[in-house]
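Have a look at the structure below before the remarks.
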Amino acid sequence: MSEELTLEERKVIYRARRGLKEIDVYFDPYVRHHYLSAEPAEKALFAELVDQEDPDLLDWFMEVSEPPKPELKTFILKLKHYVHG
């Protein structure tokens, strides 16, 4: 990663490190390959996602429950597609 990262990008990347394998399997590849080149709206959506609590994220990724916003559900499906094809 370059030194040209904004403070907000650095914060999001740091917060994306969960230490929970079930979530990191989705967040890590996105951060490494897509986050920095994403459109501002997508970066904002990812920032909103990483601000959520781990139990909620697990439920959403495992499709036990749905996120409060349809945009988050769509983005979660996109992250799953990056990993599972």
Side-chain angles (χ1 to χ4, degrees):
M1 304 216 189
S2 90
E3 293 180 26
E4 298 178 23
L5 297 176
T6 67
L7 180 59
E8 182 61 27
E9 288 170 336
R10 289 176 190 268
K11 286 179 181 180
V12 170
I13 291 168
Y14 179 79
R15 287 192 318 259
R17 294 187 203 136
R18 304 310 269 230
L20 197 61
K21 186 169 90 172
E22 293 86 348
I23 297 172
D24 286 342
V25 72
Y26 298 110
F27 283 3
D28 287 351
Y30 179 77
V31 168
R32 275 189 265 122
H33 303 291
H34 303 284
Y35 176 69
L36 292 178
S37 61
E39 296 293 323
E42 185 171 301
K43 285 183 176 183
L45 203 53
F46 186 66
E48 184 176 347
L49 194 62
V50 300
D51 280 344
Q52 305 304 309
E53 299 292 329
D54 287 350
D56 292 331
L57 289 171
L58 283 173
D59 284 351
W60 300 343
F61 275 97
M62 302 293 283
E63 299 178 14
V64 172
S65 63
E66 291 194 10
K69 294 171 59 176
E71 299 87 3
L72 289 176
K73 181 179 180 180
T74 302
F75 190 68
I76 287 169
L77 292 174
K78 185 175 186 175
L79 292 177
K80 290 174 86 171
H81 177 74
Y82 287 148
V83 173
H84 302 296

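Quick caveat, the model's predicted, so the values are computed rather than measured.
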Quick check for you: to the nearest 0.5 Å, what is the distance between [X] atom [atom1] and [Y] atom [atom2]?
| X | Y | atom1 | atom2 | result |
| --- | --- | --- | --- | --- |
| Phe27 | Arg15 | CZ | CZ | 10.5 Å |
| Lys21 | Ile23 | NZ | CD1 | 13.0 Å |
| Lys43 | Thr6 | NZ | OG1 | 6.5 Å |
| Leu36 | Glu9 | CG | CD | 5.5 Å |
| Asp28 | Tyr35 | CG | OH | 14.5 Å |
| Ile13 | Glu8 | CD1 | CD | 10.5 Å |

Q.
Looking at His81, I'd like to know if its NE2 atom is crowded, meaning that more than 12 non-hydrogen atoms belonging to other residues, nucleotides or ligands lie closer than 6.0 Å.
A.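 Atom NE2 in His81 is not crowded, with 12 or fewer foreign heavy atoms closer than 6.0 Å.
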
Q.
Please enumerate all residues that pass salt bridge (charged side-chain N to carboxylate O under 4.0 Å, His left out) together with Lys11, with sequence neighbours excluded.
A.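 With neighbours one apart ignored, the set is empty.
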
Q | Residue list, salt bridge (charged side-chain N to carboxylate O under 4.0 Å, His left out) with Glu42, at least two apart or on another chain | A |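 Counting only residues at least two positions away or on another chain, Glu42 forms a salt bridge (charged side-chain N to carboxylate O under 4.0 Å, His left out) with Lys78.
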
Hey, can you pull the donor-acceptor pairs under 3.5 Å for the side chains in residues 55-64, sequence neighbours left out?
unit_1 : atom_1 : unit_2 : atom_2 : d
Trp60  : NE1    : Glu66  : O      : 3.4
Glu63  : OE2    : Lys80  : NZ     : 3.0

Q: Measure the shortest side-chain to side-chain distance between Asp54 and Glu22 over non-hydrogen atoms and say whether it is less than 4.5 angstrom.
A: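 A side-chain contact is absent here, since even the closest heavy-atom pair is not under 4.5 Å.
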
What heavy-atom pair brings [X] and [Y] nearest, and what distance separates the two atoms?
| X | Y | value |
| --- | --- | --- |
| Arg18 | Gln52 | NH2-O, 2.6 Å |
| Pro29 | Asp24 | CD-O, 3.7 Å |
| Tyr26 | Leu79 | CD2-O, 3.9 Å |

Q.
Please tell me whether His33 and Tyr82 form a close aromatic pair, meaning their ring centres lie under 6.0 Å apart.
A.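 Between His33 and Tyr82, the centre distance exceeds or equals 6.0 Å.
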
Q: Find out if a path of hydrophobic residues (ILVMFWY) with successive side-chain heavy-atom gaps under 4.5 Å connects Val31 to Val83.
A: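 Cluster IDs for Val31 and Val83 match.
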
**Q.** same_hphob_cluster(Phe46, Leu20) at 4.5 Å side-chain heavy-atom cutoff
**A.**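 Both belong to a single hydrophobic cluster.
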
(Q) If we check side chain to side chain contact (heavy atoms under 4.5 Å, CB included) with Pro67, which of these qualifies: Leu49, Leu72, Thr74? (A)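 Running side chain to side chain contact (heavy atoms under 4.5 Å, CB included) over Leu49, Leu72, Thr74 with Pro67 returns exactly one hit, Leu72.
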
